[in-house]
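Throughout, numbering of the chain's residues begins at 1 and tracks the sequence.
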Amino acid sequence: MNTESSSSGPGALGVAGAPSASGSRPSVIQLSIKEKAALYAAYIPLFTDGGIFVPTTREYRLGDDVYVLVSLPDDPQRYPVAGKVAWITPAHGTGNRTQGVGVRFPSDDKSVQLKHRIEQILGSRLASDRPTQTV
């Protein structure tokens with residue numbers, strides 16, 4: 001079983017994932033976001049139901065199913081998301097962006113809860129024009 005991990009900043013964001021044995025099952029990725037700045041950089045408010053950037057060197061295609069277990073700063077709960085890859089940032093992409101994928105949250109109650117929790121944590125930072133890893 002392959003394991004992948006990466007970070008964007010010292011201890012700010014951790015990723016661990018394992019490809020599935022069969023191509024038809026979604027891969028499972030554990031995304032641990034430890035700092036509000038890392039959450040701001042990863043959150044995708046432009047998607048109606050929200051979304052999250054996942055740094056990864058694994059190759060994905062648009063529309064691929066991805067199961068993400070998200071941990072947020074100062075929150076002991078892990079949030080499961082059965083999302084879809086909505087965009088891809090390739091290796092050596094423009095603007096010195098981290099390689100990875102943007103995962104769109106589905107339209108379900110768990111995702112609504114996660115979106116509200118992220119926006120509660122970020123508060124006024126949502127209005128910032130600081131650059132992020134997202135669109």
List the steps, then state whether side chain to side chain contact (heavy atoms under 4.5 Å, CB included) holds for W87 with Y60.
CA-CA 9 Å; W87 102 75; Y60 287 95; over 6 Å; no
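Within the 4.5 Å cutoff, the side chain of Y67 has no heavy atoms near those of the S27 side chain. Under the 4.5 Å side-chain criterion, counting only non-hydrogen atoms from C-beta, R117 is in contact with Y79. Within the 4.5 Å cutoff, no side-chain heavy atoms of T89 are placed close to those of Q99. L31 is not listed as a side-chain neighbour of L69, based on a closest heavy-atom distance of 4.5 Å or more. Within the 4.5 Å cutoff, side-chain heavy atoms of V81 are placed close to those of L114. Counting heavy atoms from C-beta outward, D109 and Q113 have side chains that stay 4.5 Å or more apart.
A salt bridge links D65 with K84: the distance from a Lys NZ or Arg NE/NH1/NH2 to an Asp or Glu carboxylate oxygen falls below 4.0 Å.
A donor and an acceptor atom, one from each side chain of D49 and S107, are located under 3.5 Å apart.
The two residues L39 and P73 come nearest to each other via the heavy atoms CD2-CD, 4.1 Å. Looking at every heavy atom in both residues, P80 comes nearest to R78 through CD-O, 3.5 Å. A pairwise comparison of heavy atoms in G102 and I44 identifies CA-CD1, 4.0 Å as the closest pair. Among all heavy-atom pairs drawn from P106 and A82, the shortest one is CG-O, 3.4 Å.
Between Y43 and F105, the ring-plane angle classifies as tilted under the 30° and 60° cut-offs.
Summarising the local packing, CD of E59 is surrounded by 12 or fewer heavy atoms from other residues, nucleotides or ligands at distances under 6.0 Å.
Put simply, the side chain of K115 gets close to the backbone of T48: a donor and an acceptor are under 3.5 Å apart. The closest donor-acceptor contact from the side chain of D75 to the backbone of L72 lies at 3.5 Å or more, if one exists at all.
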